[in-house]
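FYI, the numbering just counts along the sequence from 1. Every value quoted in this text rests on a predicted model; they were computed, and no experiment measured them.
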Amino acid sequence: METRSAKRKKYWSEGENGIDRISDLPDVVLHQILFHLPIKSIAQTSVLSKRWRSLWSSFPDLDFTSINPIGVDSTNAPNTKSSIKNKRLLLCPHSFSVKRLDFISQVLAFRDKQSDLRILRFRAPLSFSRLNGLIRLAVRQNVQELDVEVATDDYFNFPRSVLTSESLRVFKLRSRYPGFRLLPPSVMKGGFQSLHTLSLSLVILYDQPTLSDLFTDSSFPRLKKLNLDACFGLKQLKVSCLALEEFTLENCFQLHGLDVSGAKLKTLQVASCFDAYCDKSWVKINAPSLRVMVWEYNAITENSSLENLVSAHEASIGFFVLNEDFSVTKLRSVSNLLSALSRLHTLTLEGQCVEQVLSSRNYIANLMHPFDQLKSLELQTGFNKHNLPGLAYLFKCSPALHTLILKILNDYKIEQRKWNKDLWDMPSSEEQFWESQSQALKPLLNNLSVVKIHGFLECENEVSLAKFLLKHGKALQEITLFSGHCNYRDYLRRQKIRSQLMGFSRASSNAKIEFL
């Protein structure tokens with residue numbers, strides 16, 4: 001009777017005529033096929049024959065992230081020995097306990113030394129010495145992409161062996177806890193000559209809070225992608241790599257100053273950064289090729305200087321505001337930032353940023369440049385009557401707008417947005433306001449085609465705007481109203497308003513109106 005093992009070998013190696021056609025394929029083809037399997041399944045193929053053993057020992061893409069790292073106990077792993085027993089354990093990883101043998105170290109140790117390592121990815125709790133050992137092994141095998149996520153018992157230093165690697169193109173190092181320290185600047189600046197992607201997470205920088213001369217063209221002449229996350233203690237950062245195309249900075253809450261410049265920078269994302277208590281914070285950006293900018297949940301800086309953003313096409317802007325800190329200086333900073341993005345085609349304004357702009361409309365109106373090329377605007381707002389003039393001003397600054405998306409925030413109590421009992425019998429104050437803006441908003445009304453309002457509860461402000469757009473929107477084709485959470489005690493009243501709004505649409509506009 002044929003055993004399972006024999007059937008498996010036969011399945012892998014024999015065709016219909018008993019000829020091993022798969023094994024005759026070139027190594028590069030078989031490696032590509034194996035790449036789509038979990039690492040342990042790839043290792044198991046090595047028991048089929050010497051041919052498959054050779055494929056496994058030369059396999060260039062080692063991704064150990066499919067192995068659950070929680071149960072790995074690297075401290076109890078025995079010393080590696082070039083014995084037949086260990087080779088058999090390597091070839092069949094299911095036959096040994098992961099707690100007793102460091103599978104990753106064994107695989108690296110027994111790889112074909114003539115075969116370069118293209119990718120190494122792993123996640124594991126381990127000591128700093130073992131981490132250094134793994135990285136040194138990978139560097140000796142000319143690794144091109146190194147993706148590491150570790151948890152250690154104590155802080156560790158940035159692995160020195162990656163600095164001088166001539167083969168390394170991508171390096172990603174993430175510490176779960178407690179974090180790692182960078183090497184002295186004089187040492188760090190001496191490497192990374194071939195690196196084009198760098199990602200660092202949970203970096204401890206209390207001893208060197210200023211990184212003004214690290215991310216330069218001389219240190220990173222080929223760097224295209226840079227991602228820095230959770231850099232604790234970082235107060236000032238300057239990035240000026242000429243080849244840089246994408247830069248992401250996140251969760252740097254103690255940051256005071258940021259200077260980013262790059263002729264090739266196309267994507268910039270800064271989120272949850274800057275010290276909200278610092279009264280001298282600043283940001284400076286010079287990026288003539290920038291296409292996409294994400295600036296979300298950042299504390300408002302005292303000064304914003306954005307220059308040469310002539311290629312900016314899409315942006316998402318939002319701020320974290322502490323205790324309603326709306327000083328004149330910070331209002332000017334917000335205005336400077338928005339004015340620098342006046343050439344955008346797509347703009348999203350998030351929560352508190354919108355409330356800030358709207359509530360300080362008289363000041364901002366004298367400073368903010370119009371968005372003459374803006375085609376799509378997504379706006380988050382509380383939509384109360386005090387914000388209407390500011391909202392109208394934003395519409396006035398967007399004369400070429402095609403699509404308007406309003407998302408009414410749910411943080412505001414429904415009770416504060418009262419019903420107007422005479423909504424249809426006589427114009428409300430909100431409706432009168434919008435009518436007074438019809439001439440100023442004429443360019444917008446001649447171009448606006450699509451309107452979507454999320455959180456629509458048929459209250460005064462919302463209905464008044466909907467009626468105004470339906471009445472005066474010359475190019476309006478569709479308006480979609482998404483109802484949010486509501487109190488159903490006025491259900492019949494709401495249904496009546498919907499019916500009347502539909503009738504108003506048919507009488508005043510050819511636009512299609514839909515309730516969802």
If I compare all heavy atoms of [X] with all of [Y], which pair ends up nearest, and what's the gap?
X: A243; Y: D217; result: N-OD1, 4.2 Å
X: T216; Y: C241; result: O-SG, 3.7 Å
X: L255; Y: K235; result: CD1-O, 3.5 Å
X: P221; Y: S218; result: CD-O, 3.9 Å
X: C252; Y: L249; result: SG-CD1, 3.5 Å
X: G318; Y: E350; result: CA-CB, 3.7 Å

Quiz item: Considering residues at least two apart in sequence or located in another chain, which fulfil the side chain to side chain donor-acceptor pair (under 3.5 Å) criterion with D153?
Solution: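 None.
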Practice problem: Apply side chain to side chain donor-acceptor pair (under 3.5 Å) to R121 and list each qualifying residue two or more places apart in sequence or on a separate chain. | Solution: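 In terms of side chain to side chain donor-acceptor pair (under 3.5 Å), with neighbours along the sequence ignored, R121 is linked to D63, E145.
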Can you tell me if [X] uses its side chain to pair, donor with acceptor, with the backbone of [Y] under 3.5 Å?
X: Q141; Y: L108; answer: yes
X: S311; Y: P288; answer: yes
X: S398; Y: L394; answer: yes

side-chain contact (heavy atoms from CB on, under 4.5 Å) with [X]: which of [options]?
X: E246; options: K224, K225, K266; answer: K225
X: F171; options: L163, L198, D147, V143; answer: L198
X: L379; options: L391, I408, I405; answer: L391

Do [X] and [Y] have side chains that get closer than 4.5 Å, going by heavy atoms?
X: Y177; Y: T152; result: no
X: L234; Y: L211; result: yes
X: L441; Y: K396; result: yes
X: R136; Y: V139; result: no
X: V239; Y: F247; result: yes
X: L182; Y: L214; result: yes
X: L444; Y: N447; result: no
X: I300; Y: V334; result: yes

Quiz item: Please, which pairs that meet salt bridge (charged side-chain N to carboxylate O under 4.0 Å, His left out) have at least one residue in residues 185-197, sequence neighbours excluded?
Solution: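 Sorted result for residues 185-197: K189-D213.
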Quiz item: Among pairs that include at least one residue of residues 437-457, which meet salt bridge (charged side-chain N to carboxylate O under 4.0 Å, His left out), considering only residues two or more places apart or in two chains?
Solution: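 Found none.
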Quiz item: Are W434 and N461 close enough, and set up right, to give a side-chain contact (heavy atoms from CB on, under 4.5 Å), and what steps lead you there?
Solution: CA-CA 10 Å; W434 286 116; N461 295 336; over 6 Å; no
Quiz prompt | Pairwise distance CG(L223) to CD(E245) - rounded to 0.5 angstrom | solution =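 Answer for the CG-CD pair, L223 versus E245, is 10.0 Å.
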Quiz item: Once you round to the nearest 0.5 Å, how far does CG of L173 lie from CG of L146?
Solution: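 The CG atom of L173 sits 8.5 Å away from the CG atom of L146.
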For [X], enumerate each residue passing the side-chain contact (heavy atoms from CB on, under 4.5 Å) test, keeping only those at least two apart in sequence or located in another chain.
X: A315; value: M293, I317, L341, L344, L347
X: S281; value: C278, T301, E302
X: K375; value: A400

May I have all residue pairs that pass side-chain hydrogen bond (donor to acceptor under 3.5 Å, both in side chains) and include part of [range], sequence neighbours excluded?
range: residues 160-171; value: S165-S167
range: residues 193-209; value: S201-D229
range: residues 290-299; value: E296-S316

Self-check item: CA sep, side-chain torsions, deciding dist, call: C397, Y393, side-chain contact (heavy atoms from CB on, under 4.5 Å)
Solution: CA-CA 6 Å; C397 288; Y393 177 73; 3.3 Å; yes
Self-check item: Proximity of F395 and F371 rings by center, below 6.0 Å
Solution: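 No: the rings miss the under 6.0 Å criterion.
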Quiz item: Using 4.0 Å as the upper bound for N to carboxylate O, is an ion pair formed by R176 and E149?
Solution: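 Counted as a salt bridge, because a side-chain N and a carboxylate O are separated by less than 4.0 Å.
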Quiz item: Are the charged groups of K471 and E435 less than 4.0 angstrom apart, N to O?
Solution: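 Answer for the salt bridge query: yes.
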Quiz item: Going through the checks in order, is the side-chain contact (heavy atoms from CB on, under 4.5 Å) test met by L268 and V294?
Solution: CA-CA 6 Å; L268 173 64; V294 178; over 6 Å; no
Quiz prompt | Under the salt bridge (charged side-chain N to carboxylate O under 4.0 Å, His left out) test, residues paired with K407 that sit two or more places apart | solution =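 K407: salt bridge (charged side-chain N to carboxylate O under 4.0 Å, His left out) contacts with E378.
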Exercise. Write out all pairs satisfying ring pair (Phe, Tyr, Trp, His ring centres under 6.0 Å) with one or both partners inside residues 130-151, taking only residues at least two apart or from two chains.
Key: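 For residues 130-151, and leaving out neighbouring residues, there are no ring pair (Phe, Tyr, Trp, His ring centres under 6.0 Å) pairs at all.
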Self-check item: Audit row: V162, I135, side-chain contact (heavy atoms from CB on, under 4.5 Å) steps and yes/no
Solution: CA-CA 8 Å; V162 304; I135 292 179; 3.6 Å; yes
Quiz item: If you measure only the distance, is there a donor-acceptor pair under 3.5 Å linking the side chains of T210 and S212?
Solution: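 Absent: no donor and acceptor within the cut-off.
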Quiz item: In a check of ring-ring contact (aromatic ring centres under 6.0 Å, His included) between F128 and each of F156, F180, F158, which one passes?
Solution: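 Answer to the ring-ring contact (aromatic ring centres under 6.0 Å, His included) test with F128 among F156, F180, F158: F156.
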Self-check item: Parallel, tilted or perpendicular: ring planes of H313 versus H345, cut at 30 and 60 degrees
Solution: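 Answer is tilted, since the angle falls between 30° and 60°.
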